[in-house]
Number of protein chains: 2
Amino acid sequence: MGASKTESFTDKQNATAALLKALGHPARIAIMEYLLKSNECICGDIVNELPLAQPTVSQHLKELKNAGLIKGTIDGNAICYCIDDKAIQKIKQYFDAFNVKIVKKKSCC
Amino acid sequence: MGASKTESFTDKQNATAALLKALGHPARIAIMEYLLKSNECICGDIVNELPLAQPTVSQHLKELKNAGLIKGTIDGNAICYCIDDKAIQKIKQYFDAFNVKIVKKKSCC
DNA sequence: TTTTAATATTGCAATATTACGATAAAGTGT
DNA sequence: ACACTTTATCGTAATATTGCAATATTAAAA
């Protein structure tokens with residue numbers, strides 16, 4: 001098929017998977033890390049930083065934006081992309097909670 | 001193409017992306033959450049819990065195992081799958097560090 | 001040893017993803 | 001208006017993912 005049976009899982013599970021899936025590509029990890037360390041957030045700078053063609057980078061930026069991980073604001077004829085803290089908080093909280101439960105649980109194997 | 005240009009990114013970026021990609025599917029999130037909350041870790045129980053056919057679940061388990069997120073031990077003719085803490089620690093640390101840097105950084109948009 | 005149970009693998013169809021050239025769109029500067 | 005810059009979109013080829021039926025494998029149980 002190729003299509004996930006999303007309707008069979010909870011909204012929360014689908015939402016979590018969607019966030020992590022958006023980060024599940026090295027180019028998108030590289031974009032996030034660049035936005036984190038650099039003071040530049042202009043789309044063109046990201047394109048120059050990555051070893052990918054401009055349309056490809058644009059596509060990755062779109063996916064990150066759709067997932068809520070970044071937001072873009074128009075600045076003249078350029079676009080400034082920034083990390084959206086809220087999405088990162090959500091992920092962090094998910095793994096924090098996950099970790100707490102792991103510590104409490106006895107591993108059976 | 002369909003194939004990621006992994007050779008263009010750092011090993012760390014590729015490793016991070018691979019871990020998150022493995023969790024980027026609702027069925028695999030559901031498996032991890034089941035293993036976290038349940039005392040059962042037998043493969044058959046997971047198959048019964050999920051709305052997917054046995055071969056599909058087996059495939060998802062394989063991906064989680066390849067990513068290092070779970071480990072399986074043979075128990076008679078059943079297999080017990082458990083979460084591998086180390087992988088979760090890695091992810092948690094990644095987002096903790098990410099978050100620290102976000103807080104320090106002034107968002108530009 | 002034959003049957004049964006549990007899990008993995010194979011093969012395949014449907015769909016999604018990745019990448020990029022070509023082109024469009026939208027703003028800037030002249 | 002015109003060229004120029006920046007980013008997005010379209011179209012398409014190559015590859016990957018998802019899901020399952022059928023089948024193989026492996027170990028227990030009878």
Side-chain angles (χ1 to χ4, degrees), chain A residues 1-9 13-14 17-31 34-35 40-67 70-82 109, chain B residues 1-9 13-14 17-31 34-35 40-67 70-82 109:
Chain A
M1 314 247 149
S4 303
K5 292 180 77 176
T6 53
E7 72 283 1
S8 307
F9 301 98
Q13 288 171 334
N14 283 316
L19 264 184
L20 297 178
K21 183 180 185 180
L23 290 175
H25 189 288
R28 294 194 289 269
I29 287 287
I31 290 172
Y34 176 76
L35 289 180
E40 301 297 330
C41 59
I42 302 300
C43 177
D45 296 322
I46 304 172
V47 170
N48 288 333
E49 178 79 3
L50 292 195
L52 295 169
Q54 178 267 322
T56 308
V57 175
S58 187
Q59 202 171 276
H60 283 305
L61 286 168
K62 192 181 177 184
E63 278 179 66
L64 288 171
K65 201 175 159 198
N66 285 342
I70 61 174
K71 49 193 169 182
T73 51
I74 298 171
D75 175 20
N77 82 357
I79 294 189
C80 174
Y81 281 110
C82 277
C109 50
Chain B
M1 313 243 150
S4 303
K5 292 179 76 175
T6 53
E7 72 284 0
S8 307
F9 301 98
Q13 288 171 335
N14 283 316
L19 265 185
L20 298 178
K21 184 180 184 179
L23 290 175
H25 189 289
R28 294 192 290 269
I29 287 287
I31 290 172
Y34 176 77
L35 290 179
E40 300 298 328
C41 59
I42 302 300
C43 177
D45 296 322
I46 305 171
V47 170
N48 289 332
E49 177 79 2
L50 293 195
L52 296 169
Q54 179 267 323
T56 308
V57 174
S58 186
Q59 203 171 277
H60 284 305
L61 287 168
K62 191 180 178 184
E63 279 179 66
L64 287 171
K65 199 174 161 199
N66 284 343
I70 61 174
K71 51 192 169 181
T73 52
I74 297 172
D75 174 20
N77 81 356
I79 295 190
C80 174
Y81 281 110
C82 277
C109 48

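Atoms considered below: every heavy atom in the structure, side chains included; atoms not considered: hydrogens, waters and symmetry mates. These numbers come from a predicted model, not from an experiment. Note on naming: letters A, B, ... go to the chains in the order of the sequence lines (proteins, then strands), and numbering restarts at 1 for each one.
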Distance-only donor-acceptor hits, side chain of residues 50-57 of chain B, under 3.5 Å, sequence neighbours excluded:
none

Tell me whether the side-chain N/O atoms of K21(A) come closer than 4.0 Å to OP1 or OP2 in dA16(C).
no
Round to the nearest Å and state the distance from I29(A) atom CD1 to dT18(C) atom P.
12 Å
Any side-chain N or O of K62(A) below 4.0 angstrom from OP1/OP2 of dT7(D)?
no
Working to the nearest 0.5 Å, report the span between CZ of R28(B) and CD1 of I70(B).
10.5 Å
Judged by each residue's nearest nucleotide on DNA chain C, which is more toward the 5′ side, A3(A) or T6(B)?
A3(A)
May I ask you to say what S4(A) touches in the nucleic acid, namely base, sugar-phosphate or nothing, with a heavy-atom cut-off under 4.0 Å?
sugar-phosphate
Please give, in whole Å, the distance from dT15(D) P to K5(B) NZ?
14 Å
Report the distance from atom CD1 of I79(B) to atom SG of C41(B), rounding to the nearest 0.5 Å.
11.0 Å
Determine: side-chain N/O of Y81(A) to OP1/OP2 of dT6(D), distance under 4.0 Å, yes or no.
no
In whole angstrom, give the distance that lies between atom CD of E63(A) and atom P of dT17(C).
7 Å
Please report, rounded to the nearest Å, how far the P atom of dT7(C) is from the CD1 atom of I31(B).
13 Å
Please classify the nucleic acid contact of L61(B) as base, sugar-phosphate, or nothing, using heavy-atom distances under 4.0 Å.
nothing
If you only use heavy atoms from C-beta on, which nucleotide in dA8(C), dG19(D), dT18(C) is closest to the side chain of R28(A)?
dT18(C)
Which part of the nucleic acid, if any, lies within contact of T56(A), taking any heavy atom under 4.0 Å across all strands shown: a base, the sugar-phosphate backbone alone, or nothing?
base
Starting from P on dA27(D), measure out to CD1 on I79(B) and report it in whole angstrom.
10 Å
Residue mapping more 5' on DNA chain D - nearest nucleotide basis, Q59(A) or A27(B)
Q59(A)
Carefully, step by step, assess C43(B) and C80(B) under the rule disulfide bond (SG atoms under 2.5 Å apart).
CA-CA 6 Å; C43(B) 177; C80(B) 174; over 6 Å; no
Rounded to the Å, how far apart are L52(B) CG and dT17(D) P?
17 Å
Rounded distance [0.5 Å steps], CD in Q59(B) versus CG in L61(B):
10.5 Å
Does H60(A) have a side-chain nitrogen or oxygen under 4.0 Å from the phosphate oxygens OP1 or OP2 of dT17(C)?
no
Is there side-chain contact between H25(B) and K21(A), with at least one heavy-atom pair below 4.5 Å?
no
With B for base contact, S for sugar-phosphate-only contact and - for none (protein heavy atoms under 4.0 Å), nucleotides 21-30 of chain C reads BB----BS--
Side-chain N or O of H25(B) closer than 4.0 Å to phosphate OP1/OP2 of dT17(C)
no
Expressed as a whole number of angstroms, how long is the span from E7(B):CD to dT15(D):C1'?
14 Å
Min side-chain heavy-atom separation C82(A)-L35(A) under 4.5 Å
no
Can you pull out how bent the helix from dT1(C)-dA30(D) to dT30(C)-dA1(D) is, comparing the axes over its first five and last five pairs, to 10°?
20°
Nearest 0.5 Å, what's the OG-CG distance between S4(B) and N14(B)?
8.5 Å
Starting at CG of L19(B), measure out to CG of L20(A) and round the result to the nearest 0.5 Å.
10.5 Å
Roughly, in whole Å, what's the span from NZ in K65(B) to C1' in dA8(C)?
10 Å
CD1 of I42(B) to CG of D75(B), rounded to nearest 0.5 Å, is 5.0 Å
